[in-house]
Protein chains: 2
Amino acid sequence: MQLSSKEHLGRRMASPPPKQTMKERILETADKLFYLQGIRAIGVDTIAAEIGISKRTLYNHFPSKDALIAAYLERRFVQPRPSDKPPAEQILGTFDSLERRFASKDFRGCPFVNAVAEIGVEDPSVRKTAVKFKESRRLWFRDLLTQLGVADADALATQLALLVDGSIAQDLVRHDPAMARAAKEAARVLLQNAGVKLPA
Amino acid sequence: MQLSSKEHLGRRMASPPPKQTMKERILETADKLFYLQGIRAIGVDTIAAEIGISKRTLYNHFPSKDALIAAYLERRFVQPRPSDKPPAEQILGTFDSLERRFASKDFRGCPFVNAVAEIGVEDPSVRKTAVKFKESRRLWFRDLLTQLGVADADALATQLALLVDGSIAQDLVRHDPAMARAAKEAARVLLQNAGVKLPA
DNA sequence: CTTTAGTTACACAGACCTGTGTACTTAGGC
DNA sequence: GCCTAAGTACACAGGTCTGTGTAACTAAAG
(Lines give C-alpha, C1' and ligand atoms only; values in the text may rest on other atoms or scores of the structure.)
Protein backbone atom coordinates (compact mmCIF):
# COMPACT_ATOMS: atom_id res chain seq x y z
CA MET A 1 0.00 0.00 0.00
CA GLN A 2 2.56 2.60 1.00
CA LEU A 3 5.82 2.90 -0.84
CA SER A 4 7.34 5.70 1.14
CA SER A 5 10.80 4.16 1.40
CA LYS A 6 11.19 3.83 -2.34
CA GLU A 7 11.13 7.50 -3.16
CA HIS A 8 12.48 10.39 -1.19
CA LEU A 9 11.16 13.52 -2.71
CA GLY A 10 10.64 16.58 -0.62
CA ARG A 11 14.11 18.01 -0.47
CA ARG A 12 14.53 21.68 -1.26
CA MET A 13 15.96 22.83 -4.57
CA ALA A 14 18.10 19.98 -5.90
CA SER A 15 19.99 21.39 -8.85
CA PRO A 16 18.04 20.74 -12.02
CA PRO A 17 14.90 18.74 -11.23
CA PRO A 18 13.25 19.58 -7.91
CA LYS A 19 10.82 16.87 -8.93
CA GLN A 20 7.84 17.71 -6.76
CA THR A 21 7.57 19.23 -3.36
CA MET A 22 5.61 17.46 -0.66
CA LYS A 23 3.17 20.34 -0.52
CA GLU A 24 2.52 19.93 -4.21
CA ARG A 25 2.01 16.20 -3.86
CA ILE A 26 -0.55 16.81 -1.18
CA LEU A 27 -2.32 19.43 -3.23
CA GLU A 28 -2.34 17.25 -6.31
CA THR A 29 -3.94 14.38 -4.48
CA ALA A 30 -6.37 16.62 -2.62
CA ASP A 31 -7.39 18.13 -5.93
CA LYS A 32 -8.13 14.78 -7.46
CA LEU A 33 -10.14 13.50 -4.51
CA PHE A 34 -11.94 16.75 -3.66
CA TYR A 35 -12.94 17.31 -7.24
CA LEU A 36 -14.01 13.78 -8.08
CA GLN A 37 -15.75 12.85 -4.87
CA GLY A 38 -16.56 16.11 -3.15
CA ILE A 39 -14.89 18.19 -0.47
CA ARG A 40 -17.12 16.98 2.33
CA ALA A 41 -16.91 13.38 1.20
CA ILE A 42 -13.13 13.22 1.55
CA GLY A 43 -11.38 13.25 4.90
CA VAL A 44 -7.78 14.20 5.49
CA ASP A 45 -7.00 10.60 6.41
CA THR A 46 -8.08 9.50 2.95
CA ILE A 47 -5.80 12.04 1.29
CA ALA A 48 -2.81 11.06 3.42
CA ALA A 49 -3.44 7.37 2.83
CA GLU A 50 -3.71 7.88 -0.92
CA ILE A 51 -0.24 9.49 -1.00
CA GLY A 52 1.17 7.06 1.53
CA ILE A 53 2.16 9.68 4.06
CA SER A 54 1.14 10.13 7.65
CA LYS A 55 -1.65 12.47 8.60
CA ARG A 56 0.90 14.34 10.71
CA THR A 57 2.89 15.28 7.63
CA LEU A 58 -0.20 16.64 5.97
CA TYR A 59 -0.93 18.82 8.98
CA ASN A 60 2.67 20.00 8.98
CA HIS A 61 2.05 21.52 5.54
CA PHE A 62 -1.49 22.78 6.01
CA PRO A 63 -2.73 24.02 9.38
CA SER A 64 -6.27 22.77 8.80
CA LYS A 65 -8.53 21.13 6.29
CA ASP A 66 -10.03 24.53 5.55
CA ALA A 67 -6.59 25.80 4.56
CA LEU A 68 -6.17 22.81 2.28
CA ILE A 69 -9.54 23.49 0.69
CA ALA A 70 -8.59 27.13 0.13
CA ALA A 71 -5.31 26.08 -1.46
CA TYR A 72 -7.14 23.55 -3.62
CA LEU A 73 -9.42 26.26 -4.99
CA GLU A 74 -6.59 28.75 -5.50
CA ARG A 75 -4.71 26.11 -7.43
CA ARG A 76 -7.74 25.50 -9.64
CA PHE A 77 -7.70 29.14 -10.53
CA VAL A 78 -5.76 29.25 -13.78
CA GLN A 79 -5.88 32.15 -16.17
CA PRO A 80 -6.31 31.21 -19.83
CA ARG A 81 -3.00 31.67 -21.58
CA PRO A 82 -2.82 34.44 -24.16
CA SER A 83 -3.21 33.08 -27.65
CA ASP A 84 -2.43 34.49 -31.06
CA LYS A 85 -5.47 32.87 -32.66
CA PRO A 86 -8.23 35.17 -33.88
CA PRO A 87 -10.50 36.28 -31.03
CA ALA A 88 -13.66 34.73 -32.50
CA GLU A 89 -11.86 31.43 -32.83
CA GLN A 90 -10.70 31.62 -29.22
CA ILE A 91 -14.22 32.27 -28.02
CA LEU A 92 -15.78 29.42 -29.93
CA GLY A 93 -12.82 27.20 -29.10
CA THR A 94 -13.80 27.49 -25.46
CA PHE A 95 -16.82 25.35 -26.17
CA ASP A 96 -14.79 22.80 -28.08
CA SER A 97 -12.46 22.35 -25.15
CA LEU A 98 -15.49 22.13 -22.87
CA GLU A 99 -16.84 19.36 -25.06
CA ARG A 100 -13.59 17.49 -24.75
CA ARG A 101 -13.66 17.80 -20.99
CA PHE A 102 -17.29 16.67 -20.85
CA ALA A 103 -16.34 13.53 -22.73
CA SER A 104 -13.94 12.53 -19.96
CA LYS A 105 -15.40 10.35 -17.26
CA ASP A 106 -13.45 12.45 -14.75
CA PHE A 107 -15.41 15.58 -15.41
CA ARG A 108 -17.55 16.55 -12.46
CA GLY A 109 -18.72 20.09 -13.12
CA CYS A 110 -17.18 23.36 -12.05
CA PRO A 111 -15.08 22.96 -8.89
CA PHE A 112 -15.98 26.46 -7.75
CA VAL A 113 -19.71 26.03 -8.15
CA ASN A 114 -19.50 22.66 -6.46
CA ALA A 115 -17.53 24.09 -3.58
CA VAL A 116 -20.09 26.83 -3.08
CA ALA A 117 -22.88 24.26 -3.15
CA GLU A 118 -21.05 22.09 -0.64
CA ILE A 119 -19.65 24.57 1.85
CA GLY A 120 -20.55 28.01 0.57
CA VAL A 121 -22.88 28.73 3.47
CA GLU A 122 -20.48 28.14 6.30
CA ASP A 123 -17.32 29.38 4.61
CA PRO A 124 -17.86 32.70 2.82
CA SER A 125 -14.30 32.79 1.51
CA VAL A 126 -15.17 29.96 -0.85
CA ARG A 127 -17.79 32.05 -2.54
CA LYS A 128 -15.36 34.94 -2.86
CA THR A 129 -12.85 32.76 -4.67
CA ALA A 130 -15.61 31.47 -6.93
CA VAL A 131 -16.69 35.01 -7.81
CA LYS A 132 -13.11 35.93 -8.62
CA PHE A 133 -12.84 32.99 -10.98
CA LYS A 134 -16.15 33.60 -12.73
CA GLU A 135 -15.33 37.23 -13.18
CA SER A 136 -11.89 36.53 -14.58
CA ARG A 137 -13.36 34.36 -17.30
CA ARG A 138 -16.03 36.90 -18.05
CA LEU A 139 -13.36 39.57 -18.47
CA TRP A 140 -11.39 37.29 -20.74
CA PHE A 141 -14.46 37.06 -22.97
CA ARG A 142 -14.99 40.79 -22.77
CA ASP A 143 -11.47 41.56 -23.83
CA LEU A 144 -11.77 39.34 -26.89
CA LEU A 145 -15.12 40.88 -27.78
CA THR A 146 -13.66 44.35 -27.52
CA GLN A 147 -10.93 43.29 -29.92
CA LEU A 148 -13.70 42.23 -32.27
CA GLY A 149 -15.23 45.68 -32.04
CA VAL A 150 -18.43 44.52 -30.39
CA ALA A 151 -20.43 47.46 -29.09
CA ASP A 152 -21.70 46.12 -25.80
CA ALA A 153 -18.87 43.72 -25.10
CA ASP A 154 -19.64 43.67 -21.40
CA ALA A 155 -23.20 42.42 -21.77
CA LEU A 156 -22.29 39.86 -24.40
CA ALA A 157 -19.41 38.57 -22.27
CA THR A 158 -21.87 37.93 -19.45
CA GLN A 159 -24.15 36.04 -21.81
CA LEU A 160 -21.32 33.86 -23.06
CA ALA A 161 -20.35 33.12 -19.48
CA LEU A 162 -23.94 32.01 -18.85
CA LEU A 163 -23.69 29.56 -21.71
CA VAL A 164 -20.44 28.15 -20.35
CA ASP A 165 -21.80 27.64 -16.86
CA GLY A 166 -25.11 26.40 -18.17
CA SER A 167 -23.48 23.71 -20.24
CA ILE A 168 -21.28 22.71 -17.31
CA ALA A 169 -24.26 22.39 -14.96
CA GLN A 170 -26.23 20.45 -17.55
CA ASP A 171 -23.33 18.13 -18.22
CA LEU A 172 -22.82 17.57 -14.51
CA VAL A 173 -26.28 16.06 -14.28
CA ARG A 174 -26.71 14.63 -17.79
CA HIS A 175 -23.16 13.56 -18.69
CA ASP A 176 -23.77 14.65 -22.23
CA PRO A 177 -21.05 16.42 -24.23
CA ALA A 178 -23.73 17.60 -26.65
CA MET A 179 -24.45 20.30 -24.10
CA ALA A 180 -21.19 21.95 -25.12
CA ARG A 181 -22.16 21.84 -28.78
CA ALA A 182 -25.55 23.36 -28.01
CA ALA A 183 -23.84 26.15 -26.10
CA LYS A 184 -21.49 26.73 -29.00
CA GLU A 185 -24.37 27.06 -31.43
CA ALA A 186 -26.07 29.57 -29.16
CA ALA A 187 -22.82 31.49 -28.81
CA ARG A 188 -22.51 31.60 -32.57
CA VAL A 189 -25.95 33.16 -32.89
CA LEU A 190 -25.20 35.73 -30.20
CA LEU A 191 -21.90 36.67 -31.83
CA GLN A 192 -23.41 37.01 -35.29
CA ASN A 193 -26.21 39.10 -33.83
CA ALA A 194 -23.56 41.43 -32.40
CA GLY A 195 -22.06 41.89 -35.84
CA VAL A 196 -19.14 39.50 -35.56
CA LYS A 197 -18.20 37.79 -38.81
CA LEU A 198 -17.61 34.10 -38.19
CA PRO A 199 -15.57 31.68 -40.29
CA ALA A 200 -17.49 28.78 -41.82
CA MET B 1 -37.63 25.54 22.53
CA GLN B 2 -40.12 22.76 21.87
CA LEU B 3 -43.80 23.42 21.92
CA SER B 4 -45.02 19.93 21.23
CA SER B 5 -47.76 19.94 23.84
CA LYS B 6 -49.44 23.02 22.43
CA GLU B 7 -50.43 21.58 19.13
CA HIS B 8 -51.54 18.09 18.30
CA LEU B 9 -51.55 17.73 14.58
CA GLY B 10 -50.91 14.39 13.04
CA ARG B 11 -54.30 12.80 13.36
CA ARG B 12 -55.62 11.07 10.31
CA MET B 13 -58.28 12.66 8.14
CA ALA B 14 -60.22 15.05 10.36
CA SER B 15 -63.28 16.07 8.42
CA PRO B 16 -62.64 19.35 6.60
CA PRO B 17 -59.11 20.51 7.42
CA PRO B 18 -56.54 17.73 7.71
CA LYS B 19 -54.20 20.63 8.42
CA GLN B 20 -50.86 19.01 7.72
CA THR B 21 -49.69 15.50 8.08
CA MET B 22 -46.60 14.77 10.15
CA LYS B 23 -44.83 13.46 7.08
CA GLU B 24 -45.49 16.74 5.33
CA ARG B 25 -44.23 18.75 8.28
CA ILE B 26 -41.02 16.77 8.26
CA LEU B 27 -40.61 17.20 4.52
CA GLU B 28 -41.30 20.91 4.70
CA THR B 29 -38.65 21.45 7.33
CA ALA B 30 -36.17 19.14 5.65
CA ASP B 31 -36.71 21.06 2.44
CA LYS B 32 -35.96 24.38 4.06
CA LEU B 33 -32.83 23.18 5.84
CA PHE B 34 -31.47 20.95 3.08
CA TYR B 35 -31.92 23.64 0.49
CA LEU B 36 -30.61 26.58 2.48
CA GLN B 37 -27.69 24.90 4.23
CA GLY B 38 -26.94 21.80 2.22
CA ILE B 39 -27.89 18.15 2.51
CA ARG B 40 -24.64 17.08 4.08
CA ALA B 41 -24.57 20.03 6.43
CA ILE B 42 -27.90 19.14 8.05
CA GLY B 43 -28.33 16.14 10.30
CA VAL B 44 -31.60 14.44 11.12
CA ASP B 45 -31.30 15.66 14.71
CA THR B 46 -31.35 19.23 13.46
CA ILE B 47 -34.48 18.63 11.43
CA ALA B 48 -36.29 16.94 14.31
CA ALA B 49 -35.26 19.68 16.72
CA GLU B 50 -36.45 22.39 14.34
CA ILE B 51 -39.94 20.85 14.24
CA GLY B 52 -39.90 20.01 17.91
CA ILE B 53 -40.37 16.27 17.47
CA SER B 54 -38.21 13.39 18.54
CA LYS B 55 -35.75 11.81 16.18
CA ARG B 56 -37.64 8.56 16.67
CA THR B 57 -40.74 10.05 15.09
CA LEU B 58 -38.77 11.16 12.09
CA TYR B 59 -37.40 7.67 11.62
CA ASN B 60 -40.92 6.27 11.97
CA HIS B 61 -41.85 8.19 8.83
CA PHE B 62 -38.68 7.78 6.81
CA PRO B 63 -36.57 4.64 7.07
CA SER B 64 -33.30 6.51 6.54
CA LYS B 65 -31.85 9.90 5.78
CA ASP B 66 -31.35 8.77 2.20
CA ALA B 67 -35.07 8.14 1.91
CA LEU B 68 -35.73 11.61 3.27
CA ILE B 69 -33.34 13.11 0.75
CA ALA B 70 -35.06 11.25 -2.07
CA ALA B 71 -38.46 12.49 -0.88
CA TYR B 72 -37.09 16.01 -0.62
CA LEU B 73 -35.98 15.96 -4.23
CA GLU B 74 -39.20 14.35 -5.45
CA ARG B 75 -41.13 17.08 -3.69
CA ARG B 76 -39.02 19.75 -5.37
CA PHE B 77 -40.04 18.32 -8.69
CA VAL B 78 -42.99 20.47 -9.72
CA GLN B 79 -44.23 20.70 -13.27
CA PRO B 80 -44.94 24.23 -14.49
CA ARG B 81 -48.69 24.73 -14.60
CA PRO B 82 -50.27 25.14 -18.01
CA SER B 83 -50.88 28.77 -18.81
CA ASP B 84 -53.04 30.51 -21.37
CA LYS B 85 -50.51 33.26 -21.96
CA PRO B 86 -48.84 33.39 -25.36
CA PRO B 87 -45.96 30.90 -25.61
CA ALA B 88 -43.30 33.54 -26.22
CA GLU B 89 -44.44 35.40 -23.16
CA GLN B 90 -44.28 32.23 -21.08
CA ILE B 91 -40.75 31.55 -22.23
CA LEU B 92 -39.45 35.02 -21.48
CA GLY B 93 -41.49 35.12 -18.28
CA THR B 94 -39.37 32.25 -17.02
CA PHE B 95 -36.44 34.61 -16.73
CA ASP B 96 -38.51 37.24 -14.97
CA SER B 97 -39.53 34.75 -12.33
CA LEU B 98 -35.91 33.65 -12.06
CA GLU B 99 -34.92 37.24 -11.45
CA ARG B 100 -37.47 37.49 -8.67
CA ARG B 101 -36.14 34.35 -7.05
CA PHE B 102 -32.56 35.57 -7.35
CA ALA B 103 -33.51 38.70 -5.49
CA SER B 104 -34.56 36.66 -2.47
CA LYS B 105 -31.90 36.06 0.11
CA ASP B 106 -33.20 32.51 0.38
CA PHE B 107 -32.19 31.56 -3.12
CA ARG B 108 -29.37 29.06 -3.14
CA GLY B 109 -29.17 27.73 -6.68
CA CYS B 110 -30.80 24.68 -8.19
CA PRO B 111 -31.55 22.03 -5.56
CA PHE B 112 -30.96 19.25 -8.07
CA VAL B 113 -27.60 20.51 -9.24
CA ASN B 114 -26.58 21.12 -5.64
CA ALA B 115 -27.64 17.64 -4.64
CA VAL B 116 -25.62 16.10 -7.46
CA ALA B 117 -22.61 18.20 -6.43
CA GLU B 118 -23.01 17.15 -2.80
CA ILE B 119 -23.87 13.48 -3.01
CA GLY B 120 -24.12 12.63 -6.69
CA VAL B 121 -21.11 10.35 -6.62
CA GLU B 122 -22.20 8.02 -3.88
CA ASP B 123 -25.92 8.05 -4.61
CA PRO B 124 -26.66 7.61 -8.32
CA SER B 125 -30.41 7.92 -7.81
CA VAL B 126 -29.91 11.60 -7.06
CA ARG B 127 -28.50 12.20 -10.48
CA LYS B 128 -31.37 10.31 -12.08
CA THR B 129 -33.90 12.55 -10.39
CA ALA B 130 -31.93 15.60 -11.48
CA VAL B 131 -31.90 14.44 -15.09
CA LYS B 132 -35.64 13.88 -14.97
CA PHE B 133 -36.17 17.41 -13.74
CA LYS B 134 -33.86 19.05 -16.25
CA GLU B 135 -35.43 17.13 -19.08
CA SER B 136 -38.96 18.00 -18.03
CA ARG B 137 -38.17 21.70 -18.19
CA ARG B 138 -36.46 21.31 -21.52
CA LEU B 139 -39.53 19.58 -22.89
CA TRP B 140 -41.73 22.35 -21.54
CA PHE B 141 -39.64 24.81 -23.55
CA ARG B 142 -39.78 22.56 -26.58
CA ASP B 143 -43.53 22.31 -26.50
CA LEU B 144 -43.91 26.09 -26.39
CA LEU B 145 -41.42 26.51 -29.23
CA THR B 146 -43.32 24.01 -31.31
CA GLN B 147 -46.47 26.03 -30.75
CA LEU B 148 -44.55 29.01 -32.06
CA GLY B 149 -43.70 27.09 -35.20
CA VAL B 150 -39.97 27.06 -34.56
CA ALA B 151 -38.22 24.69 -36.93
CA ASP B 152 -35.64 23.10 -34.66
CA ALA B 153 -37.56 23.42 -31.42
CA ASP B 154 -35.54 20.66 -29.81
CA ALA B 155 -32.17 22.34 -30.24
CA LEU B 156 -33.46 25.74 -29.21
CA ALA B 157 -35.13 24.29 -26.13
CA THR B 158 -31.75 22.88 -25.07
CA GLN B 159 -30.14 26.27 -25.54
CA LEU B 160 -32.79 28.01 -23.47
CA ALA B 161 -32.27 25.42 -20.74
CA LEU B 162 -28.56 26.24 -20.80
CA LEU B 163 -29.35 29.89 -20.22
CA VAL B 164 -31.59 29.04 -17.30
CA ASP B 165 -29.02 26.82 -15.61
CA GLY B 166 -26.22 29.20 -16.44
CA SER B 167 -27.95 32.11 -14.79
CA ILE B 168 -28.76 29.97 -11.74
CA ALA B 169 -25.14 28.86 -11.37
CA GLN B 170 -23.86 32.40 -11.82
CA ASP B 171 -26.34 33.75 -9.30
CA LEU B 172 -25.40 31.05 -6.82
CA VAL B 173 -21.88 32.39 -6.72
CA ARG B 174 -22.45 36.07 -7.50
CA HIS B 175 -25.81 36.74 -5.87
CA ASP B 176 -26.70 39.03 -8.72
CA PRO B 177 -30.22 39.08 -10.18
CA ALA B 178 -28.82 40.80 -13.26
CA MET B 179 -27.77 37.33 -14.37
CA ALA B 180 -31.43 36.58 -15.04
CA ARG B 181 -31.81 39.71 -17.15
CA ALA B 182 -28.70 38.83 -19.14
CA ALA B 183 -30.11 35.38 -19.78
CA LYS B 184 -33.39 36.90 -20.88
CA GLU B 185 -31.65 39.16 -23.37
CA ALA B 186 -29.76 36.21 -24.80
CA ALA B 187 -32.99 34.22 -25.01
CA ARG B 188 -34.60 37.08 -26.88
CA VAL B 189 -31.84 37.04 -29.46
CA LEU B 190 -32.06 33.30 -29.90
CA LEU B 191 -35.83 33.42 -30.30
CA GLN B 192 -35.71 36.22 -32.84
CA ASN B 193 -33.01 34.38 -34.74
CA ALA B 194 -35.38 31.39 -34.93
CA GLY B 195 -38.04 33.60 -36.50
CA VAL B 196 -40.18 34.21 -33.45
CA LYS B 197 -41.86 37.61 -33.40
CA LEU B 198 -41.54 39.16 -29.97
CA PRO B 199 -43.70 41.85 -28.39
CA ALA B 200 -41.99 45.12 -27.47
C1' DC C 1 -62.87 1.44 29.99
C1' DT C 2 -59.75 -0.72 27.04
C1' DT C 3 -57.14 -1.14 23.09
C1' DT C 4 -54.14 0.72 19.78
C1' DA C 5 -51.40 3.82 17.03
C1' DG C 6 -48.45 7.52 17.35
C1' DT C 7 -45.33 10.04 19.89
C1' DT C 8 -41.72 11.20 23.47
C1' DA C 9 -37.47 11.10 26.18
C1' DC C 10 -33.26 9.29 26.40
C1' DA C 11 -29.50 6.36 26.16
C1' DC C 12 -26.33 4.24 23.28
C1' DA C 13 -23.72 1.67 19.62
C1' DG C 14 -20.73 2.27 15.92
C1' DA C 15 -18.79 4.94 12.53
C1' DC C 16 -16.21 8.72 10.97
C1' DC C 17 -13.93 13.15 11.29
C1' DT C 18 -10.56 16.92 12.60
C1' DG C 19 -6.74 17.94 15.00
C1' DT C 20 -2.93 17.03 18.57
C1' DG C 21 0.77 14.84 21.30
C1' DT C 22 4.79 12.06 21.40
C1' DA C 23 8.54 9.28 20.64
C1' DC C 24 11.05 7.27 16.90
C1' DT C 25 13.50 7.17 12.42
C1' DT C 26 15.92 8.88 8.38
C1' DA C 27 18.87 11.64 5.47
C1' DG C 28 21.62 15.65 4.43
C1' DG C 29 24.71 19.45 5.59
C1' DC C 30 28.52 20.80 8.09
C1' DG D 1 30.23 12.07 13.70
C1' DC D 2 26.74 15.26 14.98
C1' DC D 3 22.92 18.28 14.28
C1' DT D 4 18.75 19.53 12.19
C1' DA D 5 14.74 19.18 9.34
C1' DA D 6 11.36 16.26 7.77
C1' DG D 7 8.65 12.35 8.00
C1' DT D 8 6.58 8.12 10.45
C1' DA D 9 3.72 5.44 13.50
C1' DC D 10 0.24 5.48 16.52
C1' DA D 11 -2.72 6.63 20.03
C1' DC D 12 -6.33 9.52 21.46
C1' DA D 13 -9.40 13.44 22.67
C1' DG D 14 -13.57 15.43 21.46
C1' DG D 15 -16.95 16.12 18.26
C1' DT D 16 -20.68 14.78 14.91
C1' DC D 17 -23.45 11.71 12.55
C1' DT D 18 -26.91 7.79 11.49
C1' DG D 19 -29.75 4.59 13.28
C1' DT D 20 -31.79 1.58 17.14
C1' DG D 21 -33.76 0.02 21.55
C1' DT D 22 -36.92 0.77 25.24
C1' DA D 23 -40.24 2.22 28.47
C1' DA D 24 -43.61 5.60 29.30
C1' DC D 25 -47.21 8.67 27.73
C1' DT D 26 -51.37 10.50 25.15
C1' DA D 27 -55.40 10.58 22.60
C1' DA D 28 -58.75 8.74 19.82
C1' DA D 29 -61.79 4.93 18.62
C1' DG D 30 -64.33 1.00 19.80
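Letters A, B, ... are given to chains in the order of the sequence lines, protein chains preceding strands, and every chain is numbered from 1.
Contacts classified as side chain to side chain donor-acceptor pair (under 3.5 Å) and involving residues 149-159 of chain B (residues at least two apart or in different chains) are given here: B:Arg138-B:Asp154, B:Arg138-B:Thr158, B:Arg142-B:Asp154. Within the structure, salt bridge (charged side-chain N to carboxylate O under 4.0 Å, His left out) contacts touching residues 39-53 of chain B (residues at least two apart or in different chains) are B:Lys32-B:Glu50, B:Arg40-B:Glu122, B:Asp45-B:Lys55.
For the pair A:Ile39 CD1 and C:dC17 P, the computed distance is 15 Å after rounding to whole Å. Distance CG (A:Asp45) to P (D:dT8): 14 Å, rounded to an integer number of Å. Whole-Å rounding puts the A:Met22 CE to D:dA5 C1' distance at 13 Å. Here the P atom of nucleotide C:dT26 and the CD1 atom of A:Ile53 are 18 Å apart, to the nearest Å. Taking atom CZ of residue B:Arg56 and atom C1' of nucleotide C:dA9, one finds them 12 Å apart after rounding to whole Å. Atom pair A:Lys23:NZ and D:dG7:C1' shows a separation of 16 Å (rounding to whole Å applied). Rounded to whole Å, atom P of D:dT16 lies 13 Å from atom CZ of A:Arg40. Residue B:Arg25 contributes atom CZ, which lies 15 Å from atom P of C:dG6 at whole-angstrom precision.
Looking at residues 57-72 of chain B, you'll see B:Tyr59, B:Ser64, B:Lys65 sit with a heavy atom under 4.0 Å from some atom of DNA chain D. Residues of residues 118-130 of chain B having a heavy atom closer than 4.0 Å to DNA chain D: none are found.
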For residues 77-93 of chain B, which side-chain donor-acceptor pairs fall under 3.5 Å, sequence neighbours excluded?
| unit_1 | atom_1 | unit_2 | atom_2 | d |
| --- | --- | --- | --- | --- |
| B:Ser83 | OG | B:Lys85 | N | 3.0 |
| B:Gln90 | NE2 | B:Ser83 | O | 3.4 |
| B:Gln90 | NE2 | B:Lys85 | O | 2.9 |

Distance-only check: which donor-acceptor pairs under 3.5 Å involve side-chain atoms of residues 164-182 of chain A, not counting sequence neighbours?
| unit_1 | atom_1 | unit_2 | atom_2 | d |
| --- | --- | --- | --- | --- |
| A:Asp165 | OD1 | A:Lys134 | NZ | 2.8 |
| A:Asp165 | OD1 | A:Arg137 | NH2 | 3.2 |
| A:Asp165 | OD2 | B:Gln170 | NE2 | 2.5 |
| A:Ser167 | OG | A:Leu163 | O | 3.2 |
| A:Ser167 | OG | A:Val164 | O | 2.8 |
| A:Gln170 | OE1 | A:Arg174 | NH1 | 3.0 |
| A:Gln170 | NE2 | B:Asp165 | OD2 | 2.5 |
| A:Asp171 | OD1 | A:Asp176 | N | 2.9 |
| A:Arg174 | NH2 | B:Glu135 | OE1 | 2.0 |
| A:His175 | NE2 | A:Leu172 | O | 3.4 |
| A:Asp176 | OD1 | A:Ala178 | N | 2.9 |
| A:Arg181 | NH1 | A:Glu99 | OE2 | 2.5 |

Under 3.5 Å, N/O pairs linking protein and nucleotides 11-16 of chain C:
none

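The distance from the CD1 atom of A:Ile26 to the CG atom of A:Leu58 is 4.5 Å, given to the nearest 0.5 Å.
Distances from the side chain of B:Val44 to the nucleotides D:dT18, D:dT8, C:dT8 place D:dT18 closest.
Applying the side-chain hydrogen bond (donor to acceptor under 3.5 Å, both in side chains) criterion to B:Thr29, with sequence neighbours excluded, gives no partner residue. Residues that satisfy the side-chain hydrogen bond (donor to acceptor under 3.5 Å, both in side chains) test with A:Arg76, not counting sequence neighbours, are A:Asp31. Not a single side-chain hydrogen bond (donor to acceptor under 3.5 Å, both in side chains) links A:Asn60 to another residue, sequence neighbours left out. For A:Lys184, the salt bridge (charged side-chain N to carboxylate O under 4.0 Å, His left out) partners two or more places apart in sequence, or in a different chain, are A:Asp96. Legend: residues meeting side-chain hydrogen bond (donor to acceptor under 3.5 Å, both in side chains) with B:Ser125, ordered by chain and number and at least two apart, are B:Asp123.
Here the side chains of B:Arg25 and B:His61 are not in contact, with every heavy-atom distance at 4.5 Å or above.
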